[in-house]
Amino acid sequence: MINIEQAVIVEGKYDKIKLSSVINGVIICTDGFHIFKDKEKMKLIRHYAEKKGIIILTDSDAAGFKIRNYLKGSVGGNIINVYIPDIFGKERRKAEPSKEGKLGVEGMSEEVLLEAFRRAGVNGIGGAPKGGIDKMLLYELGYSGAPDSSMRRKMLLEALDLPSLLTAGAMADILNTMISPKELEELTEKLFSSEERTDI
């Protein structure tokens, strides 16, 4: 159990229930896409963003990223993005898996959730941001601007247990809390040099 200063924004009540077993702090539900029309709840989220900061923790599917991007675009102040990995399966309470077949926040183990917070550097549990990874470095390493950039990003994100839907910009933000530019270069070399050798 960790203490969180910021308000954590999740999609639904089952996400909130799951997260309550992992953190002590304020948890606000968007009620899915209902947040797009809920002016009062957006006012509350903006208040927390301005006063204490917010943490956005949505599912790793397209709907979760749509809600995350809406919040990022609508809220000023201090925002930390926490990402759960792409893990395929079905939550116990559901009859069928989600549309994309990925587990949501409610389906994650406590260990995976704590690791996600640690990787994002929340309240210092992941250490200070390392910095130095920007869009230019991602371009130089082939993660953007090249014909196979999408495939390379997917392989890197998979190696780091991050969701496959991250854009290059969002990827730079989260990588800066996890690894240094040198470590990223070394990981890139490891991931793709063996691939190149097998092509010969």
Side-chain angles (χ1 to χ4, degrees), residues 1-38 40-42 44-45 48-49 52-75 79-123 125-126 150-151 153-167 170-171 173-175 177-178:
M1 187 78 78
I2 56 172
N3 295 316
I4 302 288
E5 299 169 3
Q6 304 91 335
V8 183
I9 315 301
V10 296
E11 292 180 56
K13 68 178 181 179
Y14 292 103
D15 298 334
K16 182 175 182 176
I17 291 166
K18 182 57 178 256
L19 200 55
S20 296
S21 67
V22 177
I23 70 162
N24 287 317
V26 175
I27 303 170
I28 300 172
C29 296
T30 67
D31 298 318
F33 292 144
H34 185 68
I35 193 65
F36 298 161
K37 297 178 181 177
D38 193 336
E40 286 303 308
K41 192 166 284 185
M42 280 305 301
L44 176 66
I45 291 171
Y48 275 107
K52 293 268 188 183
I54 62 169
I55 295 168
I56 303 175
L57 175 63
T58 57
D59 295 349
S60 292
D61 58 9
F65 272 83
K66 188 171 185 178
I67 292 167
R68 182 187 296 275
N69 290 332
Y70 173 76
L71 291 170
K72 282 164 54 178
S74 304
V75 176
I79 298 173
I80 297 174
N81 284 288
V82 173
Y83 298 97
I84 56 171
D86 286 341
I87 299 176
F88 293 87
K90 177 184 78 68
E91 281 87 5
R92 286 185 200 154
R93 69 178 181 86
K94 294 181 179 176
E96 296 180 7
S98 68
K99 188 177 177 183
E100 294 176 35
K102 298 176 184 178
L103 290 175
V105 171
E106 71 169 283
M108 295 291 127
S109 69
E110 292 181 10
E111 293 76 22
V112 168
L113 289 171
L114 285 170
E115 176 65 9
F117 279 94
R118 188 195 66 74
R119 285 180 172 207
V122 174
N123 291 351
I125 59 173
S150 177
M151 179 273 300
R153 273 198 312 275
K154 187 174 179 185
M155 287 180 68
L156 174 68
L157 293 168
E158 191 176 292
L160 294 171
D161 276 336
L162 290 170
S164 59
L165 294 177
L166 284 178
T167 62
M171 199 167 88
D173 291 342
I174 194 71
L175 289 176
T177 67
M178 294 173 62

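Values below: all heavy atoms of this structure, side chains included; hydrogens, waters and symmetry mates excluded. Keep in mind the model is a prediction, meaning the values are calculated, not measured. Along the sequence shown, residues are numbered consecutively beginning with 1.
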Near [X] [atom1], under 6.0 Å, is it more than 12 heavy atoms from other residues, nucleotides or ligands?
| X | atom1 | answer |
| --- | --- | --- |
| K52 | NZ | no |
| K66 | NZ | no |
| R92 | CZ | no |

Measure the shortest side-chain to side-chain distance between [X] and [Y] over non-hydrogen atoms and say whether it is less than 4.5 angstrom.
| X | Y | answer |
| --- | --- | --- |
| L162 | M171 | no |
| M108 | L57 | no |
| K41 | D31 | yes |
| V75 | Y48 | no |
| T30 | F36 | no |
| K18 | V10 | no |
| I54 | I28 | no |
| L175 | L156 | yes |

Working to the nearest 0.5 angstrom, can you tell me the gap between [X] [atom1] and [Y] [atom2]?
| X | Y | atom1 | atom2 | value |
| --- | --- | --- | --- | --- |
| T58 | I9 | OG1 | CD1 | 11.0 Å |
| I56 | E11 | CD1 | CD | 11.0 Å |
| S109 | E115 | OG | CD | 10.0 Å |
| D173 | M178 | CG | CE | 13.0 Å |
| L114 | M1 | CG | CE | 9.5 Å |
| T167 | N69 | OG1 | CG | 7.5 Å |

Q: Take L71 and M42, measure what side chain to side chain contact (heavy atoms under 4.5 Å, CB included) needs, and give me the verdict at the end.
A: CA-CA 9 Å; L71 291 170; M42 280 305 301; 3.8 Å; yes

If every non-hydrogen atom of [X] is compared with every non-hydrogen atom of [Y], which pair is closest and at what distance?
| X | Y | answer |
| --- | --- | --- |
| I2 | I4 | CD1-CD1, 3.6 Å |
| V22 | E110 | CG2-CG, 3.7 Å |
| K102 | S164 | NZ-OG, 3.7 Å |
| A120 | N81 | CB-O, 3.6 Å |
| L103 | I84 | O-CD1, 4.0 Å |
| A116 | Y83 | CB-O, 3.4 Å |

Q) Excluding sequence neighbours, so at least two apart, what forms side chain to side chain contact (heavy atoms under 4.5 Å, CB included) with K94? A) K90, E91, E106

Q | Non-neighbouring partners of N3 that pass side chain to side chain contact (heavy atoms under 4.5 Å, CB included), sequence neighbours left out | A | N24

Q. Checking side chain to side chain contact (heavy atoms under 4.5 Å, CB included) for the pair Y14/V105: CA distance, chi angles, key distance, verdict?
A. CA-CA 8 Å; Y14 292 103; V105 171; over 6 Å; no

Q.
Assess the residue pair Q6 and V8 against the criterion (side chain to side chain contact (heavy atoms under 4.5 Å, CB included)); give the C-alpha distance rounded to whole Å, side-chain angles, the decisive distance to 0.1 Å, and a yes or no.
A. CA-CA 6 Å; Q6 304 91 335; V8 183; 5.8 Å; no

